[in-house]
2 protein chains.
Amino acid sequence: MVSAETPTPRRRADAERSIARIVTAARVSLSRNPDATVDDIAKAAGVGRMTLYGHFRTRSELVERALVDALEAGDKVLADVDLGGDARKAMARLLASSWQLVAESAALLTAAQSVLPAGRLQDLHSDAAERVEGLIRRGQEQGVFRTDLPLSWLVSSMHYILNGAAQENRAGRLDATQATQVVAATVLSILSAPAAENLTTP
Amino acid sequence: MVSAETPTPRRRADAERSIARIVTAARVSLSRNPDATVDDIAKAAGVGRMTLYGHFRTRSELVERALVDALEAGDKVLADVDLGGDARKAMARLLASSWQLVAESAALLTAAQSVLPAGRLQDLHSDAAERVEGLIRRGQEQGVFRTDLPLSWLVSSMHYILNGAAQENRAGRLDATQATQVVAATVLSILSAPAAENLTTP
DNA sequence: ATTAGCTCGTACGGGAATGTACAGGTTAGC
DNA sequence: GCTAACCTGTACATTCCCGTACGAGCTAAT
């Protein structure tokens, strides 16, 4: 794994900086517009298109790299959050410190979906998904999260809400300051055990 | 308005049929893939590409026509649903008879978003949005729907959930038979007044 | 200071999709 | 049955984006 990470360590500091700028530019651009052009990304990175092709052979390769980068960042955040105690509060903490990041990744993910082979996506972000699933399961065991809906749907709907919040935020219809609270309130409502009067099939 | 609707009434029955097939094909194709080609749509309609261009001058024109058609269909369904009585049950009825349609329109809507001018979209589906808003407001007055989140967000999140359910359904991760119940349960959870223990900012 | 790596522009070729042009064949409507 | 409207295929111009090739200039590292 060590040799795989640095197959050719002969890289100038200068190039390393360019690559970093390109990857972050790709994350930003693709989160805003999944169809962003290679040229768009290069411009956003303040770099010539040919410089970009010097480091990434194809657009797909760049998209995958951006996704991996975003997922690693998300993983780091997830690892720093205390997921113990009351599952509801843990979820609120998790959302507060990561919703924006996850939302961006979600947009990037749809960008990757049309470029990367089918299974590649699930492979990449299976870790993150499992950790969220674990938290939800723990909440179910505590009796504070619902068990009347498929677990996979609970996770998916969380993603759709986060993605939606990001879109509304970009469209100027949802203030960034209140977005955190709105997201937490909405997601917790979805996850919580339903009151009796809301059951649709008694 | 009468003259605007039928500027050249001289159209053969045969052409009318083709147009209808093309529009429905466009709705189906664009709901599945927002980037569907004109050629794709023509093939789906069982019609030559040139026939299509005989009726629609540009792709945008076709996309808009498809969206209008879907919205009209949605409006018709909405009009047939009894929105009286308990707001929760009314919402459940509304979702049961329209979620699939709305979900498809949502996908089509994103297709239109990248083609039509900015304000055109809101103009087109403002009617439908207002009716849903009205139902939610009535639920708020009845005290069964929450008032701690922006109304616009409640409507938006409904759309994102519906759209998500459609995607999960297409991806084979959500059975069509249980989708109706899942959607209703999720949306009602979002709309319902939150229990005290779920409040994030007391 | 020399060298090897990096940057970047211009230019080119390939592919895909949109929209136009033309021309032969078919069909509805009077 | 005649006519005009309609369907259809092929072919073409245009545009956009991807990826490659070449080459000249700049910069980090030894």
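Note on naming: letters A, B, ... go to the chains in the order of the sequence lines (proteins, then strands), and numbering restarts at 1 for each one.
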If I take atom CD in residue E16(B) and atom C1' in nucleotide dG29(C), what distance separates them, rounded to the nearest angstrom? 14 Å
D39(B) CG to dG9(D) P: how many Å, rounded? 10 Å
Heavy atoms only, 4.0 Å cut-off, all strands: where does T51(B) land among base, sugar-phosphate and nothing? base
Side-chain N,O (H55(B)) to OP1/OP2 (dC6(D)) below 4.0 Å: no
Exercise: identify the closest heavy-atom pair between Q142(B) and A87(B): OE1-N, 3.1 Å
Heavy-atom count check: over 12 atoms from other residues, nucleotides or ligands less than 6.0 Å from H55(A) NE2? yes
It should be established whether R59(A) places a side-chain nitrogen or oxygen under 4.0 Å from OP1 or OP2 of nucleotide dC18(D). yes
Specify the separation, in whole Å, of atom NZ of K43(A) and atom P of dT7(C). 17 Å
Rounding to a whole Å, what distance do you find between R12(B):CZ and dC2(D):C1'? 13 Å
Where Q140(A) and R146(A) come nearest, the two heavy atoms and their spacing: NE2-O, 2.9 Å
Rounding to an integer number of Å, can you tell me how far R17(A) CZ sits from dT27(D) P? 11 Å
I22(B) CD1 to dC6(D) P, in whole Å, measures 12 Å
Rounded to whole Å, please give me the gap between CG in D35(B) and C1' in dA16(C). 13 Å
DNA chain C: 5'-proximal contact among A13(B) and Y53(B) (nearest heavy atom): Y53(B)
Between CZ of R21(B) and P of dC6(D) the distance, given in whole Å, is 16 Å
If you count every heavy atom of other residues, nucleotides or ligands that lies below 6.0 Å from R131(A) atom CZ, does the total exceed 12? yes
So if I take every side-chain heavy atom of M50(A) and compare against dT18(C), dA21(D), dC7(D), which nucleotide ends up nearest? dA21(D)
First encountered from the 5' end of DNA chain C, between D14(B) and R49(B): R49(B)
Does a side-chain N or O of S18(B) approach OP1 or OP2 of dC6(D) to a distance below 4.0 Å, or not? no
Out of curiosity, S156(A) OG to L174(B) CG, how far, rounded to the nearest 0.5 Å? 8.5 Å
